[in-house]
Structures are given as C-alpha cells and as structure tokens.
Amino acid sequence: MQFGIFTVGDVTTDPTTGRTPDDTERVRAMLTIAQHADQAGLDVFATGEHHNPPFVPSSPTTMLGYLAGTTKNIILSTATTLITTNDPVRLAEEYAMLQVISDGRMDLMMGRGNTGPVYPWFGQDIRQGIPLAIENYALLRRLWEEDVVDWQGKFRTPLQGFTSTPRPLDGVPPFVWHGSIRSPEIAEQAAYYGDGFLHNAIFWPLEHAAQMVKFYRERYEHYGHGQADQAIVGLGGQVFMSKNSQDAVKQFRPYFDDAPVYGHGPSLEDFMRDTPLTVGSPQQVIDRYGKFRDQVGHYQRQMFLMDHAGLPLKTVLEQIDILATEVVPVLRAEAESARPAHVPANPPSHAQRVAAAQAAGTVHEQVVAQDTYTGLRAEDSISS
Amino acid sequence: MMLGKGTSMSDRSIVVISAGLSQPSSTRLLADRLADAAVTELAARGITAQVEHVELRDVAHEVVNMTLSGFASGALKDVLEKVAAADGVIAVTPIFSASYSGLFKSFVDILDKDALVGRPVLVGATGGTGRHSLALEYALRPLFAYLRADVAGTAVFAATDDWADGGGDDVNPLPNRIRRAGRELAEMVADREPSAPVGLYDAVPSFEQLLGGA
C-alpha cells in the first residue's frame with residue numbers, strides 16, 4: 001500500500017504569527033516538501049492545480065519535472081489535473097513528457113475543479129463539467145494510445161492527422177486516477193476504463209466515501225477489469241501529530257480555527273468526529289486510518305494533506321517525518337498482512353503496466369518521427 | 001412506481017419544519033395545528049400520515065456548519081433525508097424584520113436545489129400583529145415557488161391576537177384557516193404518488209450514455 005502527501009499549494013497567513021509567505025517562497029516550500037517526503041521514504045507526492053490566488057501551483061508538470069530530477073524514489077502525481085479546463089492535447093503532451101523525464105515514476109489524477117470562474121477564464125462552462133471530463137479524457141487516451149489521431153468532438157477544435165509527442169514511455173501511457181467527491185458519473189468513468197478512483201474525503205464523512213467507492217468497485221467489475229475488490233482505490237486524509245495528543249490539539253487548533261475551508265464553522269472536535277481529520281498522537285492516527293479499509297475495502301493509496309492553513313515549512317517537514325517513521329511503517333505492515341493475495345498491494349507501476357501490455361499485446365510501437373504531410377523526418381530538417 | 005419496504009399507497013409522510021426560537025413557541029403551536037389538520041383530512045381520505053417534527057433550533061449549529069463546511073453533520077443529516085423523502089412539507093417561521101427568520105432561510109439554503117420540486121408545501125408564519133401577515137405572500141410563497149415546490153393556496157398567518165377565543169378574526173378565525181390549509185395540503189398529498197427516496201446512485205447513466213451525450 002502506498003502512502004503519500006498532496007498539496008493544494010495555498011498561500012495562507014500563519015494565524016499564530018501573522019506572517020504570510022509570498023508566492024515564490026510558497027513554490028519553493030512545495031519543492032522542499034516533496035524532496036523531504038522522498039528522503040523520508042513516503043511513496044507519493046501530488047500537487048494540485050489552481051488558476052487563482054491564493055493558490056500557486058498553476059503549472060504542475062513544470063514543478064513535477066523539476067522534482068523528477070531532484071528526487072529518487074517518490075512517485076510524482078497530481079491532485080488534481082483539471083480535465084475540464086485544460087486542453088486535452090496539451091495534457092497528453094505534457095504528461096507524456098513528464099513520464100519520459102521521470103522514467104515512469106509518475107501518475108496523474110483527473111478532476112473537474114470546483115472554482116467557478118476558472119471555467120469561463122478558460123472558455124468553458126461549469127455546467128458542462130461532466131461532459132467536458134468525459135470528452136476530454138476520451139481524447140486524451142486516444143492521443144496516448146494511437147499514433148495518429150483524427151478526432152472531432154463538441155468542446156475542442158477538431159484534429160486531423162495529429163500525433164502527440166513524445167509518445168508514451170515504452171509505448172504504455174501513464175496510470176490515471178479519477179478524483180470526485182460527489183459525482184458518481186466520475187466513478188463510472190474510472191470504472192469503465194479500469195483506471196484508479198480516489199475519493200478525497202478530507203471534508204466529508206467517510207461513510208460517503210465508502211458508498212462512492214462501493215459503486216466504483218461494482219462498476220469496475222461490471223466492465224470486466226477484475227473483481228470488485230481488485231479495483232484501484234485511493235483515499236484522501238488529513239492529520240496533525242505530536243507525541244502527546246493534547247499538544248497536537250493545542251498546536252493545530254489555531255490553524256484549524258482560521259483555516260480558509262472550515263475555519264469559524266464546526267469545532268475541531270466535531271470535524272474530527274465527522275471527517276478523517278485526526279489530530280493527536282501517531283498511535284491515534286494509526287488506530288483511525290487502520291480502520292478505513294473496514295469501510296472501503298483494501299485500498300492501494302492513502303494521501304495526506306499536511307501543508308495548508310498557514311502551517312510553517314518547519315512544522316510541515318516535522319509532520320512528514322512523524323508520518324514516515326512512526327505511522328506509515330505500521331499502517332503499511334497492517335495493510336499488507338490483512339490483504340488477500342488476489343488484491344493488488346499497490347496501484348500498477350510503470351514496469352507492471354509494461355509487462356501487462358506486453359502480455360496482452362497492446363504495447364504501442366514507437367514510430368520514427370516523421371511528418372506525414374511533407375515526408376520529412378527530424379534528421380532531414382536538421383541537415384537541410 | 002417502486003414503493004419502499006413497508007410502505008403502502010395509504011401511507012404518507014409529512015415533515016413539519018418549525019423555525020420558532022423559544023420553547024414552546026407560537027410558531028411550533030401553529031405548526032402542530034397545521035399538521036393535525038392535514039393528518040385529519042388525510043385520514044378522512046383513508047390515508048395514514050406519519051408526522052415528523054423538525055425544530056430548526058435543535059439543529060441551528062449544524063445548519064451554520066453545513067453552510068461553511070458543505071456537509072451535513074449530526075442530527076441534520078437525518079433531517080435532510082426526511083425532507084427529501086417527505087410526501088408533504090409544512091414550513092412555519094416567525095416573521096422577523098418583514099420576512100422569514102434568518103435561521104429559516106439558512107435551512108432552506110442548504111436544501112438540495114431539487115429537494116422540493118413538485119412537493120406539496122404548506123407555509124405558515126407567526127408574528128406580533130396581523131400587519132405582518134402578507135410576508136407569507138411576498139416572501140415565503142416566492143421562495144418555495146423558486147424551489148418549484150407545489151405551494152398550497154392558503155398560507156396561514158397567526159398573530160398573537162389570533163390565539164384569543166374568537167381567533168382574532170370573527171369572520172374567518174384562525175381555526176377555520178388552519179382547517180382549510182390542512183385540507184388543501186391533504187388534497188395535494190393524496191393526489192400524488194408516495195415519495196420514494198432517490199439515492200445518489202439510483203440513476204447514474206452508464207458510461208456509454210455519458211460518452212454519447214458528450
């Protein structure tokens with residue numbers, strides 16, 4: 001089972017000091033956090049994508065490309081990639097490039113985005129969120145799987161004889177997750193393709209996530225990708241830890257009370273009762289998160305939100321250390337010992353996907369780059 | 001139409017939403033009378049109605065929390081499910097500053113936008129004097145019309161004087177207005193198929209449908 005962290009990249013004033021980082025400091029903090037998570041032995045780092053302040057991560061593949069070169073083992077991912085407002089052609093190109101650069105040490109998660117004005121800013125209509133997610137992703141897959149694509153749809157200008165480059169690493173596209181909190185249509189989409197489904201339940205009661213995951217699992221089986229319990233599931237989570245649980249509560253409460261998302265609403269205690277937020281000792285986190293598989297079945301990826309609400313970088317790095325050394329080894333061992341043999345331990349790695357594609361005969365041959373209209377090859381244009 | 005387990009054509013549920021702030025309140029008193037009138041009229045039509053009372057005061061904190069957090073917590077979750085599954089709704093608010101109370105509107109704001117579509121709704125209000133009575137017509141009725149609810153023609157306002165012996169109005173006293181409103185709600189509820197709770201997963205289009213509609 002994989003454990004990682006995801007970030008929304010918010011620029012938020014630290015309520016205990018009144019200090020606010022600037023955008024540059026926040027971007028650099030995100031890089032440090034990802035590198036630290038890699039060194040600490042966490043499995044995944046995922047960045048959000050936003051196009052409005054106070055969020056800085058507008059260009060995920062630039063960030064993840066740098067991290068591919070400065071980290072060793074951690075899987076680089078997104079939470080989420082906006083499949084509605086990005087051009088699917090650019091997504092195909094950018095994430096294939098990231099896949100090549102990271103040597104397959106990446107995957108990505110599609111999401112629709114819930115910031116209303118982002119849709120019109122990028123020429124779309126939020127009421128078309130689901131149809132955009134369906135059409136754009138269908139095109140994205142074709143661009144990865146087929147060398148030359150003729151395509152016409154409702155939302156994007158048509159393509160004739162288009163080839164997205166670079167072609168996917170080893171002829172096998174990246175693994176894709178779909179994230180949704182409220183829309184079963186997206187769970188249906190993930191199930192149809194046999195992709196992963198991640199429910200980011202951090203602001204929701206887990207029973208809601210459990211229903212959505214159950215639906216996804218049933219549909220995964222319906223579409224013939226395997227048994228329901230073999231579907232690839234991820235959950236979002238949120239923790240703040242200290243050796244002594246009272247200290248954790250005392251330290252985190254001002255950040256909770258002022259947090260942009262839930263601040264000034266429910267009490268910390270109510271929110272901990274109703275959502276996966278756990279503020280306490282590492283053992284409390286182990287006890288709580290170790291029980292999630294009772295509700296959603298054995299799952300493959302648990303992500304944690306750690307760097308938000310104005311928490312200073314130093315604190316975030318300490319939290320990553322506690323998570324990686326005291327919590328994850330226990331949860332991973334528990335999950336592994338409880339896992340039935342036929343259930344995948346992890347989401348498929350690039351190597352596993354290549355092996356599976358070779359076995360199924362679905363590897364897409366790399367073609368020599370050639371312009372189909374002029375007949376010129378890359379080396380021809382260099383010599384001319 | 002599918003009926004839930006244990007439900008028959010002669011069973012209906014009425015949810016009574018009362019936004020009174022004191023306990024007991026004249027708002028709850030009016031809500032109870034309206035509910036009794038509706039139940040009596042339904043019984044006369046051979047229909048047994050189960051009545052669920054919701055005092056918004058009891059879930060006031062959860063209402064504010066949901067406004068800020070986006071999800072229902074505690075007892076509010078159950079309340080929203082009951083409203084979603086109701087065959088008829090009786091909604092009663094005190095009139096504050098020329099309109100429904102803020103708590104009442106906050107509750108309406110967290111309902112799913114389709115929660116009351118086509119649903120029989122009887123509205124009522126209370127206030128110090130009859131001079132506030134038209135708030136029912138210019139504030140509550142348009143609110144429920146916006147939600148595409150089926151609002152009973154009679155809306156009942158009870159001023160303090162209405163609780164006097166003569167009902168505050170010798171020609172058309174409060175008990176008469178309550179009876180008429182209860183009858184109207186009962187007729188709408190009786191004419192309608194019983195509500196079946198609709199789950200999030202009951203009508204998800206298949207992927208082929210999603211792709212075809214893209």
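Residue numbers begin at 1 in each chain, while the letters A, B, ... track the order of the sequences.
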Are there residues of residues 194-216 of chain A that reach to under 4.5 Å of chain B by heavy atoms, and which ones?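 Only Phe203(A), Trp204(A), Pro205(A), Glu207(A), His208(A), Gln211(A), Met212(A), Phe215(A) of residues 194-216 of chain A have a heavy atom under 4.5 Å from chain B.
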Heavy atoms of other groups near [X] [atom1], more than 12 under 6.0 Å:
| X | atom1 | answer |
| --- | --- | --- |
| Arg33(B) | CZ | no |
| Arg148(B) | CZ | no |
| His61(B) | NE2 | no |
| Asn114(A) | CG | no |

If you define the side chain from C-beta out and look only at heavy atoms, does anything of Phe207(B) sit under 4.5 Å from Glu185(A)?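 No; the side chains remain at least 4.5 Å from each other.
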Is there a side-chain contact between Phe71(B) and Thr275(A) (heavy atoms, below 4.5 Å)?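 Yes - at least one pair of side-chain heavy atoms lies under 4.5 Å apart.
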State the CG-OH distance between Leu211(B) and Tyr192(A), to the nearest 0.5 angstrom.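 Leu211(B) CG to Tyr192(A) OH: 6.5 Å, rounded to 0.5 Å.
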Interatomic spacing from CD in Glu62(B) to CG in Asp274(A) - rounded to 0.5 Å: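 The CD atom of Glu62(B) sits 9.0 Å away from the CG atom of Asp274(A).
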Name the region of Val204(B), side chain, backbone, both or neither, that has any atom closer than 4.5 Å to a heavy atom of chain A.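 Side chain only.
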Under 4.5 Å from any heavy atom of chain B - which part of Ile130(A):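 Only the side chain of Ile130(A) comes within 4.5 Å of chain B.
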Backbone N/O of Ser206(B) and side chain of Glu188(A): donor-acceptor pair under 3.5 Å: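 No, the answer is negative, given that no donor and acceptor are paired below the 3.5 Å cut-off.
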Exercise: identify the closest heavy-atom pair between Leu68(B) and Gly265(A):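 Closest approach of Leu68(B) to Gly265(A), heavy atoms only: CD1-CA, 3.3 Å.
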I need the minimum non-hydrogen distance between Asn65(B) and Pro266(A), along with the two atoms involved.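 Minimum heavy-atom separation between Asn65(B) and Pro266(A): OD1-N, 3.2 Å.
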